[in-house]
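Everything below concerns the one structure shown next.
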Amino acid sequence: MPPHMSRADLLLNMYQSMLDRLGPSHWWPGETPFEVAVGAILTQNTNWGNVERAIANLKATGNLAPDAMLALPDAELAELIRPSGYYNMKAKRLKQLLLWLQDTCDGDIANLGSMEVNAARTALLSVKGVGPETADSIALYAAGLPTFVVDAYTLRIYSRHGLIPEDTDYHTLRDYFMDVLPHDPHLFNEYHALIVRVAKDWCKKGTPRCEDCPLAEFLDTHPNGGRA
DNA sequence: ATCCAGGACT
DNA sequence: AGTCCAGGAT
């Protein structure tokens, strides 16, 4: 790594290294924007495996559609999504999102895509139960808008590399990327997907496996930043 | 049988 | 700071 690289080049190089090693992620492929939005709520504080069970339940009962889901009593919806955890709360959040969807997006999440990114973000953020990460996930993965999703994994990787403080808040972390990267939905989509994969398989919470990590070479520039 | 990881709201 | 939760790991 050249000694004084710009942040843009550093972030792009880290991206390229992950992509070279892991290949493209094809995130949220066969799903409709609606399914992506539902998944974004369900995956709050829970791993994707549990979310899949919940989505399977919704699908199996024909409730993975706005009207059907909205017609379901909270208790029944909660029961179907039970495997994803926090099911009572998430049933309500799902309903909030669906209600908002009806009168803001004319019932179709895809309509978000024609809005200005920040307008879409603000609108999403106004629904109770949709915080910054969920809003960005829906805007990017369901609507294809150029917004960068950050999360606990992003914070872990980049703080361990000594690039940001461990207590960096959501928007500061998001700006760290968005201030210097080209606002390209495909880049943002793949970048976040790669971060998640690296965090789960190498930059684990307890004991990171830095030796064979796709980002191993980037620890050199920050002798102590990495550690763990 | 306990522990742990993981967003958003009150 | 406390609450909401299941499923996988230990």
Side-chain angles (χ1 to χ4, degrees), chain A residues 25 27-28 35-61 63-64 69 72-101 104 109 112 120-143 147-160 164-178 188 192-209 213 228:
Chain A
S25 309
W27 256 30
W28 274 325
E35 293 180 41
V36 173
V38 169
I41 295 285
L42 294 181
T43 201
Q44 289 172 356
N45 276 57
T46 117
N47 54 304
W48 189 250
N50 291 354
V51 175
E52 282 181 324
R53 295 153 154 267
I55 288 183
N57 287 344
L58 291 170
K59 239 176 210 161
T61 54
N63 288 303
L64 192 52
M69 198 179 293
L72 232 36
D74 285 10
E76 285 182 37
L77 179 54
E79 200 49 44
L80 290 172
I81 64 172
R82 176 184 279 269
S84 71
Y86 303 101
Y87 45 87
N88 288 315
M89 161 185 301
K90 285 176 180 175
K92 285 180 185 136
R93 290 182 179 180
L94 246 15
K95 290 283 187 78
Q96 289 298 124
L97 182 66
L98 294 185
L99 256 13
W100 171 84
L101 189 58
T104 310
I109 295 259
L112 260 191
R121 233 177 91 81
T122 305
L124 248 3
L125 251 10
S126 76
V127 4
K128 202 185 90 177
V130 175
E133 184 183 341
T134 305
D136 283 326
S137 296
I138 293 174
L140 175 62
Y141 288 101
T147 186
F148 200 91
V149 180
V150 297
D151 59 3
Y153 296 142
T154 314
L155 180 61
R156 202 155 74 209
I157 293 175
Y158 288 82
S159 64
R160 278 177 174 174
I164 50 166
E166 308 176 6
D167 61 351
T168 306
D169 64 70
Y170 187 93
H171 289 102
T172 305
L173 181 54
R174 176 175 177 268
D175 286 347
Y176 178 77
F177 291 89
M178 289 197 70
F188 287 175
H192 180 249
L194 289 166
I195 283 172
V196 172
R197 293 165 71 197
V198 166
K200 298 183 92 146
D201 294 340
W202 288 275
C203 206
K204 297 161 175 290
K205 175 140 206 185
T207 4
R209 307 163 35 205
C213 178

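Just so it is clear: chains get the letters A, B, ... in the order the sequence lines come, proteins before strands, and each one is counted from 1.
Annotation for A:Ala91 and A:Leu77: closest pair O-CD2, 3.7 Å, computed over non-hydrogen atoms. For the pair A:Cys213 and A:Trp202, the tightest heavy-atom approach, listed with the atom from each and the gap, is CA-CD1, 3.6 Å. Heavy-atom minimum distance, A:Ile157 versus A:Ile195: CD1-O, 3.5 Å. Between A:Leu72 and A:Glu76, the shortest heavy-atom contact is CD1-OE1, 3.7 Å.
Using modelled atom types and a 3.5 Å distance limit, the side chains of A:Arg53 and A:Ser84 yield no donor-acceptor pair. Side-chain atoms of A:Thr172 and A:Asp169 form a donor-acceptor pair, as typed in the model, at a separation below 3.5 Å.
Taking atom P in both C:dT10 and B:dG6, one finds a spacing of 14 Å when rounded to whole Å. Using C1' as the reference atom, C:dG7 and B:dC9 are 24 Å apart when rounded to the nearest Å.
Between the P atom of B:dC9 and the NZ atom of A:Lys90 lies a distance of 13 Å, rounded to the nearest Å. Going from atom CG of A:Leu173 over to atom P of B:dG7 covers 12 Å, rounded to whole Å. A:Leu94 places its CG atom 14 Å from the P atom of B:dA8, with the value rounded to the nearest Å. When the P atom of B:dA8 is taken as reference, atom CG of A:Leu97 falls 12 Å away, rounded to whole Å. Distance, A:Trp48 CH2 to B:dG7 P: 13 Å, rounded to whole Å. Between the C1' atom of B:dG6 and the CD1 atom of A:Ile41 lies a distance of 15 Å, rounded to the nearest Å. Note: OH (A:Tyr170) to C1' (B:dG6) measures 14 Å, nearest angstrom. Here the C1' atom of nucleotide B:dG6 and the NZ atom of A:Lys204 are 15 Å apart, to the nearest Å.
The residue A:Asp151 sits apart from the nucleic acid: no heavy atom pair falls under 4.0 Å.
No donor-acceptor pair closer than 3.5 Å links the side chain of A:Asp136 to the backbone N or O of A:Val149.
Using a 4.0 Å cut-off between charged side-chain N and carboxylate O, A:Glu166 and A:Arg156 make no salt bridge.
Atom CG of A:Asn50 and atom OG1 of A:Thr43 lie 9.0 Å apart (nearest 0.5 Å).
Crowding of A:Lys95 atom NZ: a count of heavy atoms from other residues, nucleotides or ligands under 6.0 Å exceeding 12.
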So what is the 5' to 3' dot-bracket string for DNA chain B, if pairs are Watson-Crick or G-U wobble with both distances under 3.5 Å, crossing pairs use [ ] and | means the partner sits on another strand?
||||.|||||
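Judged by the 6.0 Å and 45° rule, A:Arg174 forms no cation-pi pair with A:Phe148.
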Polar-atom pairs under 3.5 Å, protein N or O versus N or O of nucleotides 6-9 of chain C: list them with distances, or write none.
from  : atom 1 : to      : atom 2 : distance (Å)
C:dA6 : OP1    : A:Arg82 : NH1    : 2.9
C:dA6 : OP1    : A:Tyr87 : OH     : 3.1
C:dG7 : O4'    : A:Asn50 : ND2    : 3.3

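Looking at residues 123-138 of chain A, you'll see that no heavy atom sits under 4.0 Å from any atom of DNA chain C.
Aromatic ring centres of A:Phe177 and A:Phe188: separated by at least 6.0 Å.
For the pair A:Arg156 and B:dG6, the criterion of a side-chain N or O lying under 4.0 Å from OP1 or OP2 is met.
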